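One structure is given here, and the rest of the page talks about it.
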Amino acid sequence: MRILKAIVAHPTGRIGAAIIAIYLLLAVCGYFGFTPHDPLQQFRVDRLKPPSSSYLMGTDLFGRDTASRLMAGIGQSFIIAFASVGLATLLGTIIGLLAGWWGGLLDGVFMRSMDMLLAFPAILLALLIIAIVGPGTATSVVAIAAVYTPIFARVVRGPVLTLKRRDFVDAARTFGSSQGYILSRHMLLNLVAPLTVQVTLALAWALLTEAGLSFLGLGTQPPAPSLGLMMSEARNLMQQAPWLLAFPGLTIMLGILGFNLFGDALRDILDPRSQGRSS
Amino acid sequence: MPYLARRLLTFPLILIGVSLLVFFSIRMIPGDAITAMLGTESGLLTPVQRQALAEYFGIDQPVLVQYGRWLSGVMQGDLGLSVTHGRPVLTIILERFPLTLELALLSMVIALGIGVPAGVLAATQSERPSDVTVRIIAMLGQSTPGFVVGLVIIYVLSVYFGFVPTMGSFVPIWVDPLANLAQLIFPAITLGFAFAASVTRISRASMLDVLSDDYVRTARAKGVPKLSVVWHHALPNALIPVVTLSGVEFGYLLGGAVIVEQIFALPGLGRLTLEAIGQRDYALVQGCVLFIAFNFLIVNLLVDLAYAALDPRIRLGAR
């Protein structure tokens with residue numbers, strides 16, 4: 001509650017939170033089909049219609065409603081972004097916790113493996129995974145998760161190295177707490193703040209990467225709607241139907257902006273040293 | 001062990017790790033190299049022909065032997081033969097690399113040229129309208145994907161100016177510098193936009209930190225003019241994080257700006273990798289990925305060395 005109040009009080013944090021809330025609502029509506037029209041239905045007589053009262057954001061080459069496809073696309077992008085960041089957080093936290101806690105050989109093996117993954121530019125690592133498994137939604141989730149897992153592992157390992165030497169950990173050991181209990185209760189609770197900031201910023205990057213992969217034809221496959229795919233389809237029609245470019249472009253930009261603003265505000269709130277520096 | 005020595009020692013280990021990862025990832029693709037090369041026609045091969053081809057490509061050997069042979073080839077500059085191009089992989093990569101390198105350099109010049117002055121301005125005018133404006137633009141820049149910026153540029157150029165950037169073939173700078181610039185300037189602006197936003201944000205944050213340091217306050221107290229304090233005393237130290245960020249971003253760009261190269265139809269390294277994936281040309285995919293990862297690692301190492309040279313605390317292992 002304290003953090004929520006702080007975000008509402010934060011000048012850019014509340015804008016970010018509002019954008020995310022609106023997008024979440026649109027994503028849920030889009031995913032469960034509460035859209036003005038069926039996103040896949042083709043109104044052949046209404047092809048490439050500009051925005052009107054019947055089609056709020058116009059129609060595409062196949063006469064499909066852009067607004068409905070955008071809502072479904074936001075749903076699809078959010079599922080991929082949340083699933084990939086969730087997977088990366090889970091794997092990264094486990095790796096970072098174990099490496100930091102046990103140290104020694106395990107730390108060396110885990111963290112050098114993470115360094116190897118970090119040696120690839122993000123989009124290249126995603127492309128390599130897609131080359132192996134083939135394009136698709138599940139592959140996008142795995143590819144984006146592979147990019148962010150090393151980052152989460154690093155974010156977790158650093159504080160664990162410091163925390164494990166603190167008095168409260170020795171006290172917990174003295175009281176007979178098991179390693180599992182110390183790791184899951186004492187360590188994880190102390191990692192919530194840095195992890196929350198990282199998750200929010202990673203969501204912004206995951207949305208960006210998902211849109212990029214779909215734009216290249218390597219993410220969500222047609223006819224399923226996806227923001228990046230819609231931009232890609234609009235490329236050859238931008239002169240006749242600029243709305244096909246404008247609406248998905250603005251939607252992607254605003255969504256990423258929302259998570260960036262929210263993440264920066266969280267960082268200001270949870271790490272007062274960064275106050276005013278990040279934005 | 002000092003940070004630099006540790007960094008230099010782990011570098012070859014990471015290189016070997018990356019080569020292992022690339023080699024074994026490509027071999028995880030279903031089907032063998034012969035099927036990958038011949039596609040459905042591989043079904044027409046007799047067992048004897050298949051065996052002969054397997055021996056020719058060396059895939060009848062244990063996988064570790066294959067790795068050893070491949071690695072020794074890589075060390076001698078032999079990245080294999082591209083099935084779709086029918087030419088050595090390294091030759092194709094080196095043909096595409098100048099474009100990618102030039103694009104990365106041009107983007108970096110744009111990003112630093114805009115980002116550093118904007119960041120310094122915002123920090124010195126902290127919380128005033130000019131600071132707020134710079135921060136809003138930087139945040140928008142960081143939130144806009146390259147393909148959105150690129151497509152908007154193409155739209156504005158074609159609809160309002162009747163100009164379409166040259167696409168397809170690449171004109172090297174030594175052949176026609178003006179045509180080369182006309183071809184690369186818009187992709188470079190596209191890439192430089194988000195890059196400049198990051199540089200602005202980090203320059204501002206770093207400058208704010210430095211401006212509150214004691215030595216800057218002392219210089220001000222001594223009556224050094226404000227402009228001199230900012231540019232001569234504060235900026236050199238504030239630029240240290242900018243060097244790191246620029247180096248890492250440059251490393252990414254050397255990997256080929258896949259999406260921007262695709263939008264502007266530029267035959268760079270990123271597009272080559274993308275095409276190789278589409279054509280299932282695994283030798284080429286493997287070569288491109290290794291080449292890009294190698295560049296990325298080298299650039300990161302150089303950035304760390306530069307960082308250490310600029311900041312003695314790191315050089316002496318106090319990190």
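Below, chain A is the first sequence line, B the second, and so on; all start at residue 1. Because the structure is a prediction, the values reported are computed rather than measured.
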Going by heavy atoms in the side chains, are B/Val148 and A/Met253 under 4.5 Å from each other? no
Looking at B/Arg135 and A/Asp264, does any basic side-chain N land under 4.0 Å from a carboxylate oxygen? no
Heavy-atom nearest pair, A/Ala211 first then B/Phe147, reads CB-CZ, 3.6 Å
Closest-packed option against chain B by number of heavy-atom pairs under 4.5 Å, given A/Leu254, A/Asp115, A/Leu127, A/Leu250: A/Leu127
Segment of B/Leu21 engaging chain A (4.5 angstrom heavy-atom cut-off): side chain
Of all heavy-atom pairs between A/Ile256 and B/Pro145, which one has the smallest distance, and what is that distance? CD1-CG, 4.0 Å
Side chain from CB out, backbone as N, CA, C, O: work out which of these in A/Leu245 comes under 4.5 Å of a heavy atom of chain B, or both, or neither. side chain
Heavy-atom pairs under 4.5 Å with chain B: which of A/Leu261, A/Asn260, A/Leu207 has the most? A/Asn260
Residue from A/Arg112, A/Met238, A/Gln239 scoring the most non-hydrogen pairs under 4.5 Å with chain B is A/Met238
Any non-hydrogen side-chain atom of B/Ile263 less than 4.5 Å from a side-chain atom of A/Phe215? yes
Which bit of B/Ser158 comes within less than 4.5 Å of chain A, counting heavy atoms only: side chain, backbone, both or neither? both
First locate atom CG of A/Leu128, then atom CD1 of B/Ile292, and finally report the distance between them rounded to the nearest 0.5 Å. 10.5 Å
Sort A/Ala131 into side chain, backbone, both or neither according to what part of it lies under 4.5 angstrom from a heavy atom of chain B. both
Looking at A/Trp243, I'd like to know if its CH2 atom is crowded, meaning that more than 12 non-hydrogen atoms belonging to other residues, nucleotides or ligands lie closer than 6.0 Å. yes
Output the distance between atom OG1 (B/Thr144) and atom CD1 (A/Ile252), rounded to the nearest 0.5 Å. 10.0 Å
Which value, rounded to the nearest 0.5 Å, describes the distance between B/Ile259 atom CD1 and A/Leu216 atom CG? 4.5 Å
B/Leu151 CG to A/Leu244 CG distance, which is reported to the nearest 0.5 Å: 12.0 Å
Minimum heavy-atom separation for A/Arg235 to B/Gln262, with atom names? NH2-O, 3.5 Å
Pair count under 4.5 Å, heavy atoms only, with chain A: among B/Ile136, B/Val159, B/Val289, B/Leu140, highest is B/Val289
Select one option (side chain, backbone, both, neither) describing which atoms of B/Leu274 are under 4.5 Å from chain A's heavy atoms. side chain
Please state whether the side chain, the backbone, both or neither of B/Tyr155 comes within less than 4.5 Å of a heavy atom of chain A. both
